[in-house]
Amino acid sequence: MPKTVNSTDFRRMIISGAKVLEINRTKVDSLNVFPVPDGDTGTNMSLTIQSAVKELSVCSSNRLSEICDAVSKGALKGARGNSGVILSQLFRGMCSEIKNCEEITVKVFAKAMENGTKVAYSAVSKPKEGTMLTVARLMSEFAKASCSKYRDFAAFLTDVIKKGEEALAKTPELLPVLKKAGVVDSGGMGLLCVYRGFLMVVTGEEVSDDVSDLADAAKAEEDVFGDNSDIINLDLGEIDFAYCTEFFIINLKKQTTLADIDKLKERLMEIGDSVICIGDLELVKVHVHTNNPGQALSYAVELGELDRVKIENMLEQNRALRAKREAEKKEMGMLAVCAGEGIAEIFKDLLVDGVIEGGQTMNPSANDIAAAVQKINAEHVFVFPNNKNIILAAEQAKALVSNRTIHVIPTKNIPQGFAAALAFNPEATAEENKTDMIHSMDNVKAGQVTYAVRSTTVNGFHLKEGDIIGLDDKKILAKGSNAEDTMLALIDKLKENTHEIITLYYGKDVREEDAEALAEKVAEKFPDCDVDFHYGGQPVYYYIVSLE
């Protein structure tokens, strides 16, 4: 068994960890505490590490430093949900420690685990014990304390995983909600899947199941010709190589070999970046960013004839695009995360500049949010996550955007997002708007009606799979046999004497006439309030209710 891990092994460990997690994704999802259909911890973690694998697939260097940079960058770009963000930060901390080494010893890996835990904890404003953070911390503490005893990397990882399993088994004792639901922490389970993938590489085992998503990521370099529309997001100073050079090599010379094509790729990497050089002895496709396109063409013509040559000055393109956008730039803009075409249309009516799809079961990544922010041509962008499991990813998006100021308004539901958007005043400053938006959330209460996806006991309710349940952002408040009666019971729990307006937003599985009938019942039961209803089109929730 190996005493150390080299750069090739580490690359394979990340890929193997991703495969094992993807294979167990459904199992990890099923451990979600709340019996609502948003058990997406495994999915979020899997998509996050797959993004790291995708970044690795386009990293041609085998230097440990560059592999670590690719893993760290890819995981951050793909971070989804709280579990995904935490996993990305664990990788970030580990990679920052590993990247400066020639090879990874047991001691180095233990120190990397410790740093990963430190970075992950610092990414969460109020860390909770009994979560994947606890599992990561106890594993790293064990690794640090015992690493000097191990000369065999496999034995070391085996015992680290055993410690993680013990830590996972204790999570219900640390977090009462887990104990009530009769499950262990799903994020901790996902983390152990990744480490088991690491161990399989060290012991020489193969992950037998095919994982199509990872295969697709590994083929990313096949998509080689784009329109360079993303260069607008680059500062001019960041463009080290000014000319995007693309061409085909056809009618290759008889003496040209496959080794010559590989050598061409190596020569292109010496004069530029973003190098793609793929094909066979019939046709070769080339893409390179370089300051010397003539040199690139000169190298290529040694192999055959050139065809469809395209050279674009990215500096000039960038200047023109930036000048146009600067002229059109406004002071402030808004971005909302939501699901449902009706909900999206309401946000647009409230003058929200951009809407990105997301919510329960579909948490957008930090990179998704950053990309959406980039499309809003404003100096300050207010982001409404509208879901407590998206707030952390929105905060992480700040690190991916350098030419905008992102203000995350911690909206936990759609009605809070509407209230925040209504509070926007284009005449006020960004800080004044941020303050007003945060305060506006205090004036609204929200609830949702959905269904239980399994039988359990939680918040004092004995639930069976299929029961209709009403909940706020913290706990289940009502249950029933149908959505209408459950909504009436939920409103009764949420309503305060100061409330004057009740608004219902009905989901994609609810008919308009049923929503209208429910609104009439609500108005009859609560005559002191004005009652209205709108089409939301949201999945998962039959109804969302707002009380103001």
Any ion pair linking Lys19 and Glu22 (charged N to carboxylate O, less than 4.0 Å)?
-> no
Might you work through the salt bridge (charged side-chain N to carboxylate O under 4.0 Å, His left out) test for Glu431 and Lys434, ending with a clear yes or no?
-> CA-CA 5 Å; Glu431 285 304 317; Lys434 183 176 182 180; 5.2 Å; no
Expected output: side-chain Asp185 to main-chain Met132 donor-acceptor under 3.5 Å | yes
Check: Thr48 side chain, Ser88 main-chain N or O, donor-acceptor pair, under 3.5 Å | no
Nearest 0.5 Å please: distance from the CD1 atom of Ile86 over to the CG atom of Leu191.
-> 10.0 Å
Determine, stepwise, if the pair Lys118 / Glu114 fulfils salt bridge (charged side-chain N to carboxylate O under 4.0 Å, His left out).
-> CA-CA 6 Å; Lys118 179 181 177 181; Glu114 180 186 22; over 6 Å; no
Say whether, by atom type as modelled, one donor and one acceptor occur between the side chain of Thr117 and the main chain of Ser140 under 3.5 angstrom.
-> no
Do the non-hydrogen side-chain atoms of Val444 and Phe418 ever get within less than 4.5 Å of each other?
-> no
With side chain to side chain contact (heavy atoms under 4.5 Å, CB included) as the test, would you mind laying out the steps for Gln374 and Asn403 before giving the verdict?
-> CA-CA 8 Å; Gln374 292 279 25; Asn403 56 355; 2.9 Å; yes
Is Cys193 close to Met45 at the side-chain level, that is, under 4.5 Å between some pair of heavy atoms?
-> no
Show the numbers, then the answer: is there a salt bridge (charged side-chain N to carboxylate O under 4.0 Å, His left out) between Lys99 and Asp69?
-> CA-CA 8 Å; Lys99 65 183 295 184; Asp69 286 342; 2.6 Å; yes
Return yes if a side-chain donor-acceptor contact under 3.5 Å exists between Ser51 and Asn367, otherwise no.
-> no
Phe198 and Val20: side chain to side chain contact (heavy atoms under 4.5 Å, CB included), yes or no, with the steps?
-> CA-CA 9 Å; Phe198 289 174; Val20 174; over 6 Å; no
Main-chain N/O of Met13 paired to Ser16 side chain as donor or acceptor, under 3.5 Å = no
Would you give the length of the straight line joining atom CG of Asn363 to atom CG of Asn44, rounded to the nearest 0.5 angstrom?
-> 4.5 Å
Side chains of Asn443 and Ser440, donor plus acceptor under 3.5 Å | no
